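A short worksheet on the structure shown next.
Being a predicted model, the structure only gives us computed values, none of them experimental.
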Amino acid sequence: MDFTFTPIGVIHSPFLDKKDTPIQPTRSRAAGQVEVFEEYATGLEDLEGFSHIILLYVFHRSSGFRLKVQPFLDSRPHGLFSTRYPCRPNPIGLSIVRLVNRRGRWLDIEGVDVLDSTPLLDIKPYVPEFDIRTGARAGWFENRSQE
Ligand SMILES: C[S@@+](CC[C@H](N)C(=O)[O-])C[C@H]1O[C@@H](n2cnc3c(N)ncnc32)[C@H](O)[C@@H]1O
């Protein structure tokens, strides 16, 4: 089965180069904007009540993938699917960012970890009851070689 997704918008960010881009929202204070295309704007209603949103997007400037990679914060290789490495068979990224403000079909966000012009696939509200897991383990990340 193949699937075709059409972007619903674009993520605007200050980052033009991968090496300057933060590796996760929790390590970023950068501001950005989400532009949702006009035809999807009505779907943003009621989003402003949420402090955080989940962005799903395409790593449009990645190419190819390897199944063992050395992730950003460790010197040892790990299986791709135990990492957040951007080069993946389906190059989909997920970022939980702070929603600062909604201006119509534009969202001001903080905690950006994506390149400018990243194509946006979906937005979901971050809901603590659904999304927080107490006692979660973080595998190799708990013994990583870098902070
Ligand atoms: C480690 S990934 C984590 C992204 C996301 N928070 C996740 O967990 O799926 C973040 C890195 O991906 C790279 N990146 C960000 N946006 C990209 C894009 N549109 N295309 C290709 N690489 C991108 C940058 O090097 C950035 O530092």
Side-chain angles (χ1 to χ4, degrees), residues 1-66 69-74 78-142 144 146-147:
M1 266 191 286
D2 287 337
F3 303 92
T4 303
F5 294 109
T6 304
I8 62 161
V10 177
I11 306 172
H12 300 278
S13 100
F15 305 113
L16 302 177
D17 199 318
K18 286 179 204 170
K19 69 174 173 17
D20 301 327
T21 309
I23 60 169
Q24 284 294 338
T26 50
R27 293 162 178 251
S28 170
R29 291 190 178 164
Q33 292 81 37
V34 174
E35 175 187 3
V36 173
F37 297 144
E38 188 68 54
E39 65 211 274
Y40 304 107
T42 303
L44 293 172
E45 280 177 21
D46 305 319
L47 194 63
E48 53 278 351
F50 293 86
S51 64
H52 293 76
I53 54 176
I54 302 168
L55 302 178
L56 295 161
Y57 50 85
V58 179
F59 289 117
H60 70 309
R61 282 174 49 191
S62 75
S63 60
F65 66 90
R66 285 173 292 124
V69 296
Q70 185 181 316
F72 290 88
L73 295 177
D74 205 2
H78 296 284
L80 174 65
F81 302 120
S82 77
T83 76
R84 300 293 189 91
Y85 206 74
C87 302
R88 318 180 72 84
N90 297 307
I92 295 172
L94 176 162
S95 296
I96 299 170
V97 298
R98 196 162 89 78
L99 175 60
V100 178
N101 190 26
R102 175 162 88 89
R103 296 173 287 114
R105 62 189 184 86
W106 288 79
L107 308 176
D108 298 324
I109 57 171
E110 264 177 23
V112 177
D113 67 340
V114 300
L115 290 166
D116 189 38
S117 303
T118 292
L120 178 68
L121 296 178
D122 201 1
I123 301 173
K124 296 175 194 252
Y126 177 82
V127 180
E129 182 184 323
F130 303 156
D131 297 315
I132 291 177
R133 300 287 186 283
T134 49
R137 290 185 293 116
W140 62 261
F141 187 78
E142 293 177 0
R144 66 191 178 279
Q146 296 162 47
E147 287 303 313

Smallest separation among heavy atoms of [X] and [Y], with atom names:
X	Y	result
R105	E38	NE-OE1, 3.4 Å
G64	C87	O-CB, 3.2 Å
L73	R144	O-CB, 3.4 Å
V112	A31	CG2-C, 3.8 Å

_Do S28 and V97 have side chains that approach each other closer than 4.5 Å (heavy atoms only, starting at C-beta)?_
no
*Is the shortest heavy-atom distance from the side chain of N101 to the side chain of Q33 under 4.5 Å?*
no
Donor-acceptor contacts under 3.5 Å from residues 118-126 side chains, at least two apart:
residue, atom, partner, partner atom, Å
T118, OG1, L115, O, 2.6

In Å, rounded to the nearest 0.5 Å, how long is the span from [atom1] of [X] to [atom2] of [Y]?
X	Y	atom1	atom2	answer
L94	Q24	CG	CD	8.5 Å
L44	I8	CG	CD1	7.5 Å
S117	R61	OG	CZ	8.5 Å
R103	E48	CZ	CD	13.5 Å
W106	H12	CH2	NE2	4.0 Å
I109	H52	CD1	NE2	11.0 Å

All salt bridge (Lys or Arg N to Asp or Glu O under 4.0 Å) counterparts of [X], not counting sequence neighbours:
X	value
R84	none
D131	none
D46	none

_Under the rule for side chain to side chain contact (heavy atoms under 4.5 Å, CB included), what residues qualify as partners of F72, not counting sequence neighbours?_
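Partners of F72 by the side chain to side chain contact (heavy atoms under 4.5 Å, CB included) criterion, ordered by chain and then number, come out as I23, Y85, P86.
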_Check against side chain to side chain contact (heavy atoms under 4.5 Å, CB included), V114 and H60_ = CA-CA 10 Å; V114 300; H60 70 309; over 6 Å; no
*Aromatic rings Y57 and F59: how do their planes relate, parallel, tilted or perpendicular, breaks at 30° and 60°?*
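Perpendicular, since the angle between the ring planes exceeds 60°.
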Can any side-chain N or O of [X] pair as donor or acceptor with the backbone N or O of [Y] at less than 3.5 Å?
X	Y	answer
N90	I92	no
W140	S82	yes
R29	T26	no
D116	S13	yes

*Give every residue pair that meets the ring-ring contact (aromatic ring centres under 6.0 Å, His included) criterion with at least one member in residues 16-47, sequence neighbours excluded.*
none
*Between S95 and D113: side-chain donor-acceptor atoms closer than 3.5 Å*: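 Judged by distance alone, the side chains do pair up.
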